[in-house]
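The block underneath contains the structure these notes are about, expressed in structure tokens.
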Amino acid sequence: MADEPWRMPSTVQELAANVQEPPSRYLLPEEERLSDQLAGAEMPEAVPTIDLRRLLASDDGAGEEAAKLRSALQSWGIFLVANHGIETSLMDEVMNASREFFHLPLEEKQKCSNLVDGKRFQVEGYGNDQVKAQDQILDWSDRLNLKVEPQDERNLASWPRHPEHFMDVLLEYTSKSKKIKCIVLRAMARLLELDDDYFLNQFSNRAPVTVRINHYLPCPRPDLVLGFKPHSDDGVLATLLVDSDLCALQVLRDGMWYNVPTKPHALLINVGDFMEVMSNGMFRSPVHRVVASAAKERISLAMFYGLDPEHEIKPAAGLLRDDQPALYKEVKTKDYMAGFYQHFARGTRVIESMKI
Ligand SMILES: O=C(O)CCC(=O)C(=O)O
Ligand SMILES: [Fe+2]
């Protein structure tokens, strides 16, 4: 591996301090730069906001909110939630702790490096994506990936020791975010006329909760690179917190990229690939990407709800009929995840290979 230095990109933080132009391995192919100029279109309708308190009410409001959720799921696959029970102060704390970490000197962050002994890549930790091919185009961002649950699988060496309260705050955020996941998954099961707990019952007590905190540094040439390449999320659902109103997140629909307006304290929910399979394609996991900015840094925190590695992901039997056959093959979560990372590096989607 030592004679393949292309496998080990430096962090964008190191690059940003030293280069005027992004190095070639970060540059998008010319046709992709020209085809849409990276500028997304304005959404024809706003990202729907689902009021979770209303969704849980026992009056007509709940039905209206559920109808809104259905339309959100069938249009963008991405939506905002309100009245979700996470205080803005906790959102600030978790984003501030993340920012404090990213602003530490590089040597300090590298104590949590995702390169074991400086060479062997592991998903968890601080750094860049895994480089699987010499022609892989790299993203203009650094990341911190952590497995939060199951508790006994936390790789503590990858967790920041500074700021000191980082872990406490992240765990508090996780426990609140999990409640949102439960409310949303029950409502989604109800929309499909499945047992209310159908989706929740897929999670064993070994189901992983992982977090990815993305650090997008300003780029001198945002017209040539991406902050995060197009992808759909693994897992059942993801919650997303963003620290700024910079217009950077985009979602793909009918071949067009649309800007998803974000702002601090807004909580976005994204449908993941596992849900697309379990709902037999009724709820699609949206392809999204993040464009770079010359002006400002940006931090986002995505929390992913995965399934036990031994779990078989498959379309819910209750959704299948003669005239509505399964559209996806059954696959073990761990096999799916192995494929996911292969595809992710190339900017393609593993879920495409599961379609029947
Ligand atoms: O930074 C963002 O807005 C999105 C991040 C994201 O898509 C991810 O971490 O999977
Ligand atoms: Fe994502």
Side-chain angles (χ1 to χ4, degrees), residues 12 38 40 43 47 76-81 91 94-95 98-99 101-102 114 123-130 138-148 170 173-174 177 181 208-219 222 225-253 257-276 283-293 296-306 336-337 340-341 343-351:
V12 170
L38 299 178
M43 287 178 149
V47 183
W76 299 107
I78 199 165
F79 56 94
L80 289 156
V81 282
M91 291 180 171
V94 75
M95 292 312 270
S98 304
R99 189 176 309 105
F101 170 74
F102 285 125
N114 59 5
V123 173
E124 279 183 272
Y126 168 76
N128 224 294
D129 280 341
Q130 181 165 25
L138 304 182
D139 292 343
W140 194 263
S141 55
D142 296 325
R143 319 200 204 280
L144 174 66
N145 280 294
L146 299 170
K147 186 182 266 189
V148 185
L170 187 63
Y173 176 78
T174 307
S177 161
K181 159 216 151 199
V209 178
T210 54
V211 71
R212 174 161 55 228
I213 314 182
N214 301 292
H215 187 207
Y216 304 94
L217 286 117
C219 180
V225 304
L226 277 175
F228 205 135
K229 65 174 80 55
H231 67 285
S232 57
D233 291 337
D234 60 292
V236 179
L237 275 190
T239 54
L240 182 71
L241 261 186
V242 172
D243 78 333
S244 85
D245 48 14
L246 205 64
C247 202
L249 175 63
Q250 298 180 342
V251 65
L252 186 67
R253 189 167 84 177
W257 288 104
Y258 292 92
N259 293 318
V260 182
T262 58
K263 54 179 196 277
H265 306 140
L267 191 68
L268 277 163
I269 301 213
N270 221 352
V271 171
D273 285 354
F274 300 179
M275 175 54 85
E276 177 166 330
F283 302 143
R284 295 289 169 92
S285 73
V287 174
H288 52 287
R289 70 180 187 184
V290 178
V291 295
S293 156
K296 279 208 263 182
E297 77 168 349
R298 178 177 183 271
I299 292 171
S300 69
L301 186 151
M303 187 160 274
F304 302 94
Y305 293 97
Y336 186 95
M337 290 312 296
F340 182 86
Y341 289 115
H343 280 263
F344 186 76
R346 293 201 300 265
T348 54
R349 297 176 76 203
V350 62
I351 198 164

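First listed ligand is number 1; within each ligand, the first listed atom is number 1. Note that the coordinates shown come from a computational prediction; the quantities given were computed from them, not determined experimentally.
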If you take all heavy atoms of [X] and [Y], which pair is closest and at what distance?
X: V287; Y: P230; result: CG1-CB, 4.0 Å
X: I351; Y: D273; result: CD1-O, 3.6 Å
X: S141; Y: V12; result: N-CG2, 3.4 Å

**Salt bridge R143-D129, side-chain N to carboxylate O under 4.0 Å** = yes
**Asked** Is the centre of the Y305 ring less than 6.0 Å from the centre of the F274 ring?
**Response** no
I'd like the atom pairs linking ligand 1 to the protein - N or O on both sides, separation under 3.5 Å - with distances to 0.1 Å.
unit_1, atom_1, unit_2, atom_2, d
ligand 1, 1 (O), Y216, OH, 2.6
ligand 1, 1 (O), R298, NH1, 2.9
ligand 1, 1 (O), S300, OG, 2.6
ligand 1, 3 (O), R298, NH1, 3.2
ligand 1, 3 (O), R298, NH2, 2.9
ligand 1, 7 (O), H231, NE2, 3.1
ligand 1, 7 (O), H288, NE2, 3.0
ligand 1, 9 (O), R212, NE, 3.0
ligand 1, 9 (O), R212, NH2, 3.4
ligand 1, 9 (O), N214, ND2, 3.0
ligand 1, 10 (O), R212, NH2, 2.7
ligand 1, 10 (O), H231, NE2, 3.1
ligand 1, 10 (O), D233, OD1, 3.2

**Asked** Can you find a pair of side-chain heavy atoms, one from V209 and one from T174, that are under 4.5 Å apart?
**Response** yes
**Message:** Cation-pi check for Y216 against K296: NZ or CZ below 6.0 Å from the six-membered ring centre and within 45 degrees of the axis, yes or no?
**Reply:** no
**Request:** Have a look at D233 and say which of its N, O or S atoms is nearest the Fe ion (ligand 2).
**Result:** OD1
**Message:** Using the Fe ion (ligand 2) as the vertex, how large is the angle between NE2 of H288 and NE2 of H231, rounded to 10 degrees?
**Reply:** 90°
